[in-house]
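When reading the values below, keep in mind they use all heavy atoms of this one structure, side chains included, and skip hydrogens, waters and symmetry mates. Atoms within a ligand are numbered from 1 in the order they appear, just like the ligands themselves. Each residue takes its place number in the sequence, starting with 1.
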Amino acid sequence: MQAITVPDHDFPLHDLSATRRLEQRALAAVPPGTLVARAGLSTARLALALAPHARHCWVLAGPGHNGADALEAAFHLARSGRCVTASVFARDGQTIVPAAAQSLQRARDAGANILLNDPAAPHGCALALDGLLGIGSARPIEGAMAQAVHGFNAIEGTRLAVDVPSGLDAGTGATAGAAVAQATDTLTMLNLKAGLFTGVGRAHCGRIWLAPLDVQDDEPPQAWLAGRALHMAMRTPRGHAQHKGSYGDAFIVAGALGMHGAALLAARAALSAGAGRVYLSLLEGSMPLDPTRPELMQRDALWNAGAERLGTATVLCGCGGGKAAAATLPPLLEQAARLVIDADGLNALAADGSLATALRERDGRGQATVLTPHPLEAARLLDCTAAQVQADRLSAAQRLADDLKAVVVLKGSGSVVAAPGALPYVNATGNAALASPGTGDVLAGWITGQWSTHAGGGTSLQALVAATVQLHGAAADAHAQHGPLLALDLIGAMQRLA
Ligand SMILES: NC(=O)C1=CN([C@@H]2O[C@H](COP(=O)(O)OP(=O)(O)OC[C@H]3O[C@@H](n4cnc5c(N)ncnc54)[C@H](O)[C@@H]3O)[C@@H](O)[C@H]2O)[C@@H](O)CC1
Ligand SMILES: Nc1ncnc2c1ncn2[C@@H]1O[C@H](COP(=O)(O)OP(=O)(O)O)[C@@H](O)[C@H]1O
């Protein structure tokens, strides 16, 4: 059993079809009852380690194999002397699977109090196990089971989800319905399911633990949980004789009237990420020199700088750009060697099909592009709703990357970094301290600066971007206080970790 935070190396993530295949092969390879026995024992061990002093335990068990695992854990908890109430949920006419019936009998024999379709939480319980539904969850949870989920969520103490928090789609990280278990810990079996790490997955899982159950995970992954090695690979020391020209020019094309701050945040982030020279080109109006960052230079209309300059710089377009961003895109899409598009640059792409066509043509000329949409910006690009994007973030990011021939960061909890024809990364760092204005501008600026320093390097662009997303989230994870991490402070925090 291991705790999953940020793995050292990329860790395979699976969708539910792959999980089912793995489960079927594992079941066929061992005598009946072996896996449920291992799953139940692992669950009970983790529960006791997390809540060693809990006297009263509540085990919620559904009608399927998830319920079987939970009831097997109930057996171990009862045998270890805990006072166990196991509430089993099976609708009229719906029988529980044989494995669950066997574990139920074992739990009863060990002294557990068994209740049927009773959602009331026992008094004084400090440990609750959610084994209502796992990957077999097929529809919104309703009725007594839904009441039990709400009761589970109200338990003050350890709330351990078995395999998957009930009501969460472990393949996508989406939920259907209002009753979704809110665990403090989730012990997932056999493999890591992608939906535990993105969408609302992280919010419902709490800490994530993996019990491989002595089964070799031989399914090809559908995505990677981004490992720390990505960021470490970016930490190449500066050669003694290198000069600022070695780290390239970053052009920040951003900042309509009233949004100069976004431009400044992006430019400062590019500078801190290591770009050799950073030029800021405001889209509207003017701004005095930033006396606290005199390293920044301002130039007019850099989008018209011509093929020679744009063909060597790394350009960011869009942060706080307003409607003015659209007019800058035709020359940038045609001439910029390396182009990052954020915020209003993305909205302009979504609104004008000819710009999207120009974006697709860049790949054929060897020009690379990074897009950094949040879910609503992604929805505009995909001509759907933000809810539809969030319903399957991995596939939304991949569709955008494949269609627009760009590396795409779909931001939010568990940011997805997709590239054409490659498996997506899911980022394991970050938290809601980043839900503050301007943190996206910092991300886009840092990607631009980082890319500028690695312009000639052999690192894949997808890995470089995923490493920056990881650093951005890690800075928030290191933020000890409650409340937001303000965007300007985020730059300093990233610099300390870079
Ligand atoms: N079979 C085994 O030995 C193993 C089983 N495992 C566990 O088994 C789970 C998968 O088992 P199952 O395929 O039986 O699936 P589940 O136990 O997740 O659920 C399937 C059952 O729930 C019912 N159901 C689905 N949605 C419902 C809803 N909204 N309201 C009420 N009932 C609903 C279904 O009709 C079915 O009876 C995994 O998530 C994992 O917890 C793993 O531990 C791996 C090994
Ligand atoms: N709950 C969260 N967990 C992890 N990351 C988050 C969370 N909320 C926001 N973020 C991150 O913060 C950044 C916000 O970007 P964005 O929405 O573009 O904001 P802005 O436009 O104000 O800069 C993104 O990198 C996003 O992934």
Side-chain angles (χ1 to χ4, degrees), residues 16 19-20 22-24 26-27 30 32-40 42-43 61-70 72 89-91 94-97 99-100 103 130-146 149 161-164 166-167 170 176-177 179 187-191 193 198 200 202-203 211-213 215 259 261-262 265-266 318-320 342-344 346 372-377 409-416 427-447 468-469 472-473 476-477 484-485 487 490:
L16 295 189
T19 304
R20 285 267 181 227
L22 180 63
E23 188 181 293
Q24 289 310 312
L27 282 168
V30 292
T34 306
L35 287 187
V36 74
R38 290 177 189 167
S42 299
T43 303
H65 293 96
N66 193 241
D69 292 348
E72 190 67 16
F89 293 85
R91 281 187 312 175
Q94 185 190 39
T95 52
I96 60 176
V97 295
S103 297
D130 159 32
L132 291 171
L133 295 171
I135 60 169
S137 180
R139 54 191 177 274
I141 301 176
E142 290 167 351
M145 207 188 259
V149 167
V162 181
D163 199 28
V164 172
S166 297
L187 177 62
T188 200
M189 310 293 169
L190 299 177
N191 65 350
K193 293 97 184 149
T198 197
V200 293
R202 292 273 307 273
L213 307 184
V215 173
M259 293 187 285
L265 285 167
C319 304
D342 186 40
D344 291 310
L346 297 169
T372 54
H374 60 48
L376 181 57
E377 288 156 356
V409 184
L410 177 56
K411 296 184 290 191
S413 178
S415 289
V416 178
N427 181 49
T429 63
N431 62 68
L434 287 173
S436 79
T439 54
D441 304 318
V442 171
L443 178 70
W446 198 287
I447 290 171
T468 301
V469 172
H472 185 255
D477 291 341
L485 173 55
L490 170 63

>> Is there a polar contact between ligand 1 and M145, counting only N or O atoms under 3.5 Å apart?
In response: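 Min N/O separation from ligand 1 is not below 3.5 Å for M145.
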> Which part of Q24 is near ligand 1, with near meaning a heavy atom under 4.0 Å away: side chain, backbone, both or neither?
Replying inline: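 Q24 to ligand 1: no contact under 4.0 Å from either part.
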Winner among [options] once heavy atoms are compared against [atom]:
atom: atom 15 (O) of ligand 2; options: G320, S436, G440; answer: G440
atom: atom 27 (O) of ligand 2; options: A266, A476, G412; answer: G412
atom: atom 2 (C) of ligand 2; options: D477, V469, N431, D342; answer: N431

Nearest-neighbour protein heavy atom for [atom], which is reported as residue plus atom name and distance:
atom: atom 25 (O) of ligand 2; value: H472 CE1, 3.2 Å
atom: atom 11 (C) of ligand 2; value: L434 CB, 3.6 Å
atom: atom 18 (O) of ligand 2; value: K411 NZ, 2.6 Å

> Going through the checks in order, is the side chain to side chain donor-acceptor pair (under 3.5 Å) test met by T188 and K193?
Replying inline: CA-CA 8 Å; T188 200; K193 293 97 184 149; 2.9 Å; yes
> Are any of the N/O atoms in P437 less than 3.5 Å from those in ligand 2?
Replying inline: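 No, there is no polar N/O contact under 3.5 Å.
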> Are any of the N or O atoms of G414 closer than 3.5 Å to those of ligand 2?
Replying inline: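 Not met; the criterion fails.
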>> Quick check for you: to the nearest 0.5 Å, what is the distance between L190 atom CG and L35 atom CG?
In response: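 CG of L35 is found 6.5 Å from CG of L190.
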>> Protein heavy atoms near atom 21 (O) of ligand 2, is at least one of them under 4.0 angstrom away?
In response: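 Protein heavy atom within 4.0 Å of atom 21 (O) of ligand 2: absent.
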